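Beneath this line is the structure, given in structure tokens, with notes to follow.
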Amino acid sequence: MPLLSRDYYTQDATTVARTLLGATLVRQIDGRRISGRIVEVEAYHQQSDAASHSHRGQTPRNQPMWGTPGHAYVYFTYGMYWLLNAVCEPVDYPAAVLIRAIEPLDGLDLIAAHRDGRSPKEWTSGPGRLTRALAITGDLNRADLTLQTSGLWIETGDPVPDDQVKTGPRIGLGTRVPEPWLSMPWRWWVANNPHVSRVRAGSG
DNA sequence: ACGGAGATCTTCT
DNA sequence: GAAGATCTCCGTT
């Protein structure tokens with residue numbers, strides 16, 4: 001399948017987030033392909049969005065958000081986890097989409113190895129889990145998602161129709177994030193998909 | 001099933 | 001010095 005283009009990522013973060021559902025996230029390691037269907041995302045807008053890393057201005061960590069759209073913004077958090085974002089909107093407009101969950105497609109043996117001992121439902125159902133499953137670390141910060149040479153890219157997939165998409169507030173924001181940002185419905189996921197994060201009985 | 005806390009470190013106050 | 005776009009383990013029910 002063709003790769004998503006620079007022009008695609010240059011759109012606003014809301015549009016990119018919604019349409020990334022159904023696309024295929026691909027990682028290539030030593031010629032082996034690991035991939036998954038994107039089933040959960042969150043949009044982080046520009047500096048007016050108090051929940052976004054870009055809110056308090058540019059820092060060494062969040063600098064990729066101001067950079068070229070279509071590149072990866074990979075950051076380390078909680079002392080343990082790498083989180084993957086796709087940079088959106090034009091240069092100098094700091095916005096990104098957080099990839100929160102994928103449905104494994106290719107390279108299941110490698111994913112299982114990276115997620116040693118866990119059940120398939122826990123392989124990629126969360127932003128910190130999927131980066132471990134795909135061996136994504138800070139080495140891939142600023143990687144160009146529109147090129148296969150980066151080892152990390154996104155391909156087009158089957159679009160997910162509106163009746164299979166749910167939206168709601170973003171997850172994991174601290175209570176210090178003020179309204180209305182705390183409640184903005186900028187999380188999108190595929191309804192009833194078992195690989196979406198924080199799935200509990202009846203909440204899919 | 002649910003809740004609490006630890007892990008572990010970068011970044012910002 | 002504290003919190004963080006998280007996950008896992010271990011306790012109790």
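Chain identifiers are assigned alphabetically (A, B, ...) following the order of the sequence lines, protein sequences preceding nucleic acid strands; residue numbering begins at 1 within each chain. Only a predicted model underlies this, so the values are computations on that prediction, with no experimental measurement involved.
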Of the listed nucleotides [options], the one nearest the side chain of [X]:
X: A:S52; options: C:dC7, C:dA5, B:dT10; result: C:dA5
X: A:L98; options: C:dA5, B:dT10, C:dT8; result: C:dA5
X: A:M80; options: C:dC9, B:dA7, C:dG4; result: B:dA7
X: A:R56; options: B:dT13, C:dC7, C:dG4; result: B:dT13
X: A:R115; options: C:dT8, C:dT6, B:dT11; result: C:dT8

Exercise. Using the closest heavy atom to pick a nucleotide of DNA chain C for each, name whichever of A:E122 or A:G174 lands nearer the 5' end.
Key: A:G174
Measure [atom1]/[X] against [atom2]/[N] and give the value in whole Å, please.
X: A:E42; N: C:dT6; atom1: CD; atom2: P; value: 7 Å
X: A:Y75; N: B:dC9; atom1: OH; atom2: C1'; value: 14 Å
X: A:R170; N: C:dT6; atom1: CZ; atom2: C1'; value: 17 Å
X: A:F76; N: C:dC7; atom1: CZ; atom2: P; value: 13 Å
X: A:I171; N: C:dA5; atom1: CD1; atom2: P; value: 13 Å
X: A:H195; N: C:dC7; atom1: NE2; atom2: P; value: 15 Å
X: A:K121; N: C:dT8; atom1: NZ; atom2: C1'; value: 16 Å
X: A:Q58; N: B:dT11; atom1: CD; atom2: P; value: 14 Å

Exercise. For C:dA5 versus B:dG3, give the span between their P atoms, rounded off to a whole number of Å.
Key: 23 Å
Answer with base, sugar-phosphate or nothing: what part of the nucleic acid does [X] contact at a heavy-atom distance below 4.0 Å?
X: A:R61; value: sugar-phosphate
X: A:G128; value: sugar-phosphate
X: A:R118; value: sugar-phosphate

Quiz item: Whom does B:dT8 pair with, Watson-Crick or G-U wobble, provided both distances fall under 3.5 Å?
Solution: none
Practice problem: Mark this stacking check for A:Y81 against C:dT6 as yes or no, applying ring centres under 5.5 Å and ring planes under 30°. | Solution: no
Quiz item: Does the ring of A:Y44 lie flat against the base of C:dA5, closer than 5.5 Å centre to centre with planes under 30°?
Solution: yes
Quiz item: Taking 4.0 angstrom as the limit, do A:D116 and A:R132 come out as a salt bridge?
Solution: no
Quiz prompt | A:D106/A:R27 salt bridge by N-O under 4.0 Å criterion | solution = no
Quiz item: Given A:H53 and A:Y73, is the side chain to side chain donor-acceptor pair (under 3.5 Å) satisfied, shown in steps?
Solution: CA-CA 11 Å; A:H53 283 176; A:Y73 167 38; 2.8 Å; yes
Self-check item: Side-chain N,O (A:R176) to OP1/OP2 (C:dG4) below 4.0 Å
Solution: yes
Quiz item: Any side-chain heavy atom of A:H55 within less than 4.5 Å of one from A:D49?
Solution: no
Quiz item: Would you say the side chain of A:R100 lies within less than 4.5 Å of the side chain of A:I38, judging by non-hydrogen atoms?
Solution: no
Quiz item: Within 45° of the ring axis of A:Y44 and under 6.0 Å from its six-membered ring centre, is that where the NZ or CZ of A:R170 lies?
Solution: yes
